[in-house]
Amino acid sequence: MFALVDANAFYCSAERIFDPALRNKPLVVLSNNDGNAISRTDEAKALGIRMGQPAHELAPLRRQGLVLRSANFALYGDISARVVDVLREHAPALEVYSIDESFLDVRGIHHVIPWCDRLRARVHRHTGIPCAVGIGKTKTLAKLGNRLAKTSGGVCQVSSSDSALATFDVGDVWGVGSAFGKHLAAHGIHTAAQLRDASGDLIRQIGGVVLARTQRELQGHPCLALEESPPSPKQIMVSRSFGQRVSDVDALAQALSTFAQRACAKLRRHGLTTAAIGVFFSTDSFRPEMPQYHPSATIGLAHPTDDSRDVLAAVFAALRQRFRPGYAYKRAGVILYDLAAVADRQPDLFRQPVQSSPLMSHVDAINARFGRNTVTLASSLVHGMAPAWSMRQAARSPLYTTRIDQLPHARC
DNA sequence: TCTGGGGTCCTAGGACCC
DNA sequence: TCTGGGGTCCTAGGACCC
């Protein structure tokens, strides 16, 4: 038996913790660059705002009281960790599934619905985050239960024979996206109940083993287990759209250097090394009338590394190979592939074993203590004004919980 | 003016091996 | 004159998730 604890409008709820004036107001949190809506409160949904709706369409709604906030992922990450801490205190076993969702193993818990209700209340009291809990024999059923719980009092259990399955659009089932949804509809399968009852061969044919597994889960046969320890990542990517388009190679190099160093810091946090570096940059695909160019390159390293300097050399080599003047670039990124822990690497017959650079651990320690860009490689150094490529964030809340100088003030 | 970022898994097909 | 069987690895593309 699984329970899925899912925060309601998580990013918006996190914003409301330290800014009570936002409570009961329509609120939307925007993606990086203030691009589009990524979290909406019920009040905002009532204004007809869609997930992913572009920000420029939302601006006029401010006259109706809509508040827009830039994304503050440092805050959301910290609040998420606090929610998980509370869950961990009470749940026998737990899988952190995403920034705002955790699966709990609730086998053996008596009176599971009131137990989940108390858990919700505790999370709310200790973190200020409201959540809903779905319960089911499989993760897929718990997911459906969670959908119901959002609108029906906070906790909801769903079984495979539940009549509610006929009320769910097949596209609402976890694992059924728009492509499978269309395919299923073409075969007359429109609801979760119809997917549950369809021919197994047909489902296998439409969506392979993945969709077949989803069907089995709907029938109440667990196919997906609780994964308590997150697997080590297989790739690490840092990419951004730019606040403004840039054309010169120096600006692009500065952005890529920043992204590469951030990716390497993540790499070292996981205790991994990389042996292949991917670099891409691209013009604005939303401006088809402008000249388009979307180059990418992957550079294999002779020797695995976790040193930002080695990675940066590869990134710049790729940039030199692919850069063409005369284009306005809008987006770029760095991807680290072929990751492995130092200890798991095949030793090189002709070299000393891979070792983490002491310089890099000092850099990481300084940045952890004094803030992200206290020490960087010179190629990402920014003088004075924010560069053109940096993100637009017109309305970001303070880093209330992760920066000592931005702690909220309490009035006496 | 305007449209995010970061991942995973599966499958098919080709190259290559003995 | 004929031309097997069994496998691995890699890549690209497509699907999904939050």
Side-chain angles (χ1 to χ4, degrees), chain A residues 4-11 28-40 49-60 68-73 76-77 80 95-103 139-140 143 146-147 170-184 203-214 217 223-224 227 230-245 259 262-263 266-267 270 276 278 280 282 284-288 290 296 298 300 328 330-339 388 390-394 396:
Chain A
L4 174 66
V5 181
D6 183 327
N8 304 343
F10 177 58
Y11 299 159
V28 162
V29 170
L30 300 172
S31 62
N32 279 338
N33 273 315
D34 294 341
N36 49 2
I38 56 171
S39 180
R40 307 157 297 156
I49 295 167
R50 300 183 313 277
M51 197 66 169
Q53 196 168 347
H56 65 96
E57 294 178 17
L58 303 180
L68 300 175
R69 278 272 193 273
S70 303
N72 184 349
F73 288 110
Y76 311 149
S80 172
E95 169 187 344
V96 177
Y97 176 67
S98 74
I99 193 163
D100 68 335
E101 290 170 80
S102 291
F103 284 106
K139 285 180 163 180
T140 304
K143 271 276 195 182
N146 194 274
R147 292 284 296 238
V170 73
D172 291 340
V173 175
W174 188 43
V176 181
S178 60
F180 287 166
K182 270 186 204 135
H183 216 134
L184 290 166
I203 298 307
R204 181 81 160 76
Q205 188 197 315
I206 291 174
V209 296
V210 178
L211 194 59
R213 216 143 48 194
T214 296
E217 287 244 316
C223 302
L224 304 167
E227 291 180 27
S232 178
K234 298 182 174 161
Q235 62 176 58
I236 290 173
M237 166 156 73
V238 175
S239 74
R240 290 285 180 280
S241 293
F242 300 153
Q244 293 165 50
R245 291 181 282 266
F259 303 161
R262 212 163 284 169
K266 278 194 210 181
L267 182 75
H270 287 284
F280 65 88
S282 66
D284 192 344
S285 52
F286 292 107
R287 286 283 166 279
M290 300 175 78
S296 69
T298 303
K330 179 64 178 172
R331 181 178 153 75
V334 172
I335 312 175
L336 309 181
Y337 300 107
D338 195 356
L339 309 184
S390 61
M391 275 197 289
R392 274 192 311 273
Q393 285 205 310
R396 203 199 63 197

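Residue numbering restarts at 1 for every chain, and letters A, B, ... go by the order of the sequence lines. Note that the structure is predicted; figures quoted are calculated from it, not measured.
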Across all strands, who's sitting opposite B/dA15 as a Watson-Crick or G-U wobble pair, both distances under 3.5 Å?
C/dT8
What's the CZ-C1' distance between A/R147 and C/dC17, to the nearest Å?
14 Å
Side-chain atoms of A/K330 come closest, of B/dG6, B/dT3, C/dA15, to B/dT3
What distance, rounded to whole Å, do you find between the two C1' atoms, one in B/dG4 and one in C/dC17?
15 Å
Checking contacts here: which listed nucleotide (B/dC10, B/dT8, B/dG5) is nearest the side-chain heavy atoms of A/V210?
B/dC10
Judged by each residue's nearest nucleotide on DNA chain B, which is more toward the 5′ side, A/R331 or A/V209?
A/R331
Residue A/R204, side-chain heavy atoms: nucleotide from B/dT11, B/dG7, B/dG4 that is nearest
B/dT11
Closest to the A/F286 side chain: B/dC2, B/dT8, B/dG4?
B/dG4
Nearest of B/dG5, B/dG7, B/dT3 to any side-chain atom of A/Q235?
B/dG7
Can you label the angle between the A/Y97 ring and the A/W174 ring as parallel, tilted or perpendicular, going by 30° and 60°?
perpendicular
Can you identify which nucleotide, out of B/dG6, C/dC18, B/dC2, has its nearest atom closest to the A/S239 side chain?
B/dG6
Selected nucleotide, minimal atom distance to A/R287 side chain, candidates B/dC2, B/dC9, C/dC17:
B/dC2
From C-beta outward on A/R240, which listed nucleotide comes closest to its side chain: C/dC18, B/dG5, C/dC16?
B/dG5
Nearest to the side chain of A/D100 - C/dC18, B/dG6, B/dT1?
C/dC18
Nearest to the side chain of A/F180, heavy atoms from C-beta on, is which of C/dC16, B/dG5, B/dT8?
C/dC16
Do you know which two heavy atoms are closest between A/G243 and A/K330, and how far apart they sit?
O-NZ, 3.8 Å
